[in-house]
Amino acid sequence: MQSLEVMRHSAAHVMAAAVCRLFSDVKLDIGPATEDGFYYDFDLPHRLAPEDFLKIEAEMARLVAANLPFERVESTREEAQKLLVGQRYKRERLADVPAGEVISFYRCGDFVDLCRGPHLPATGAIAAFKLTSVAGSYYRGDEKNPMLQRLYGMVAESRAALEAELARIEEAKKRDHRKLGRELELYSISDDVGPGLVHWHPKAARIRVVIENYWRREHYRAGYEMLFTPHIGRAHLWQTSGHLSFYKDGMFPPMEIAEVGEHGARPAEPYYLKPMNCPFHIQIYQSRRYSYRDLPLRWAELGTVYRFEKEGVRHGLLRVRGFTQDDAHIFCTPDQIESEVRRTVNFALGILRRFGFTEVTAFLATQPEKAVGDPARWEQATRSLESALQAENIPYEVDAGGGAFYGPKIDLKIKDALGRPWQLSTIQFDFNLPERFHLTYVGEDGKEHQPYMVHRALLGSLERFFGILIEHYGGAFPLWLAPEQVRVLPITQHQLDYARSVADQLRQADVRVTVDEDSEKIGAKIRRAQLEKVPYMLVVGGREAEAGAVAVRRREGGDQGVMPRDAFLERVRKENEA
RNA sequence: GCCCAUGUAGCUCAGUUGGCAGAGCACGUCCUUGGUAAGGACGAGGUCAGCGGUUCGAUCCCGCUCAUGGGCUCCA
């Protein structure tokens, strides 16, 4: 165990000790180290609240100052049970310890806890700590179990290290896409429209158009065709696809419609909002007969889907109820599958790189216990996924049994500017839908065969991807994505005409530009443009107007000097393509 | 769905032991024409999330609902 992890775990014990000293009737569960701190789960009558933190921290500080040793005590199961009288969760945890394994307790002052260890030699080594939050948490993570109180904390080897850790959290908060989304007027969610339904404001829509245009162009270049499909479909379709039997709870409720025709009302078949695009793409596949000569088919769609996400799981743009997937389905023959997967992985990497995500790791999820489809196909599919990862030299972990019931998959994870991981791309085999919809193609032998079907999304959903992008760039989008690339700032109203003509020249060259026409001083205009994170500010006063020039200021880097307006246009053009 | 917290102007937040609702920023009008991060004056802006209850009187107390936040569970 790493020393930091040991310290975190030991701090959790100290926190538990403090809580036991301060409150009565405390039942303990467990208190592990986490990636950036620790927590302990308790059950106690008192409702822990942030107001209690100071008191608990003070008690912890006393335990740390006393430099109490952590003593390991080994015991028999009988002794352990005696020690844990009244501690129902601990007793259940004890029952989980396999027979024959050593049962150990750690004593720290008068606090004794069933624990495998290891721990610090003594509490004095805990240099700096802070309680951060309290939240409910199901015992053993099962929603049928009672809800415990989970107290979170952070600990570091020095006061300075803790401060640095807290500063990182502050930085992440500053980049929170919900905060920046409001401040930069990117998006909103309206109670009147509904939770989890996103409105893209003009600036965000600009960015989305840039992303979509880039996405479409790359897909056409990579041999895809674009599709557009409806947003709703009849119940029958979703019965065939299996969604109604397996994922009904995740779908918006049906629209019951009585269709009145010339022969009167027909029995109504309800419509459902689509939670996925696949059945529609399949309908297109089924609209004619395909031969092996036609394959592979690569069909892409920016398809907007609706999923009835449960109450309490929504989160800004990252988890919403209506979103647009950058979806595609590949229909191919078995012997095309390997090269198709390789192409797809490679394609995904290229797209992600364009958005500044260069650190990519992959997860290969293999056949779970419950699965549909021929084992030989699973094997071939899994092998093709694995060899694609190896050929592209992407580090990957195998998630054994982690695939969907309908096929194995690769998930690609990136790290953002703050080093936080996000899952974006997914490449999934599907042995289920071709079966359910009886998809076929005519092979060389003149007989019907079932095609392989691969679902893939590279960005995931545009909403979620945009949220991640906002945080990755901290709202300061690179030039090619920036909704407003250049703002012209006339020093006085006398340069308004000149400023407009500079802007017009840029606009005709497809540069996204505005003019700040307010009668504010130049300092105020610069401040405003800076806060709105506009990449280029062009200051134009009498001197520039006279010379046909612009004084360039960069969002990062400040004053760049004066240059002719044509030279600036050239510079922006070049940077935009880079 | 579960636990806890929160909801006051477009935003950030004060405030009322229950008695006419406040600031800064943003917005509008006017003045100002100033050279690299905030010029000035005046003005407009509110069903204090919604519904119900207690009360002479509720933004404030109580209940329910909705939404948001931190987590848990879930994410085809």
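Just so we're on the same page: letters track the sequence lines, and every chain starts at 1.
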* Asked: When every nucleotide of nucleotides 35-46 of chain B is labelled 5' to 3' by its protein contacts under 4.0 Å (heavy atoms), B for base, S for sugar-phosphate only, - for none, what sequence of letters results?
  -> BBBBB-------
* Structure fact -> Expected string for nucleotides 5-15 of chain B under the B/S/- scheme (protein heavy atoms, under 4.0 Å, primed atoms plus P, OP1, OP2 as sugar-phosphate) is ------SS---
* Is there a side-chain polar atom (N or O) of H315(A) under 4.0 Å from OP1 or OP2 of rG70(B)? ->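 So the side chain of H315(A) is within the cut-off, an N or O lying under 4.0 Å from OP1 or OP2 of rG70(B).
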* Give a yes/no answer on whether the side chain of R178(A) brings an N or O atom under 4.0 Å of OP1 or OP2 in rG70(B). =>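 It does, given that an N or O in the side chain of R178(A) lies less than 4.0 Å from OP1 or OP2 of rG70(B).
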Does [X] reach a base, just sugar-phosphate, or nothing at all? Heavy atoms under 4.0 Å.
X: G250(A); result: base
X: R307(A); result: base
X: Y406(A); result: sugar-phosphate
X: H243(A); result: base

* Give a yes or no on whether a donor-acceptor pair under 3.5 Å exists between the nucleobase atoms of rC74(B), that is its base, and the side chain of R319(A). =>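 Check passes, donor-acceptor contact within cut-off.
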* To do: Decide yes or no, distance alone: a donor-acceptor N/O pair under 3.5 angstrom between the base of rG71(B) and the side-chain of Y39(A).
  =>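 Check fails, no donor-acceptor contact within cut-off.
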* **Check: H472(A) ring centroid to F357(A) ring centroid under 6.0 Å** =>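 Yes, the ring centres sit under 6.0 Å apart.
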* Asked: Does the separation of the ring centres of Y406(A) and F431(A) fall below 6.0 angstrom?
  ->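 They do not qualify: ring centres at least 6.0 Å apart.
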* May I ask you to decide whether K173(A) forms a salt bridge with E170(A), counting only side-chain N to carboxylate O separations under 4.0 Å? =>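 Judged by the 4.0 Å cut-off on N to carboxylate O distance, K173(A) and E170(A) do form a salt bridge.
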* Pick the nucleotide of RNA chain B nearest each of A404(A) and E311(A); which residue has the one closer to the 5' end? ->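 Looking at RNA chain B, the more 5' nearest nucleotide goes with E311(A).
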* Asked: Mapping F308(A) and P50(A) onto RNA chain B by nearest heavy atom, which one lands closer to the 5' end?
  ->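 The residue closer to the strand's 5' end, by nearest nucleotide, is P50(A).
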* Asked: Which pair of non-hydrogen atoms, one from R555(A) and one from V534(A), has the smallest distance, and what is that distance?
  ->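 The answer is CB-O, 3.3 Å.
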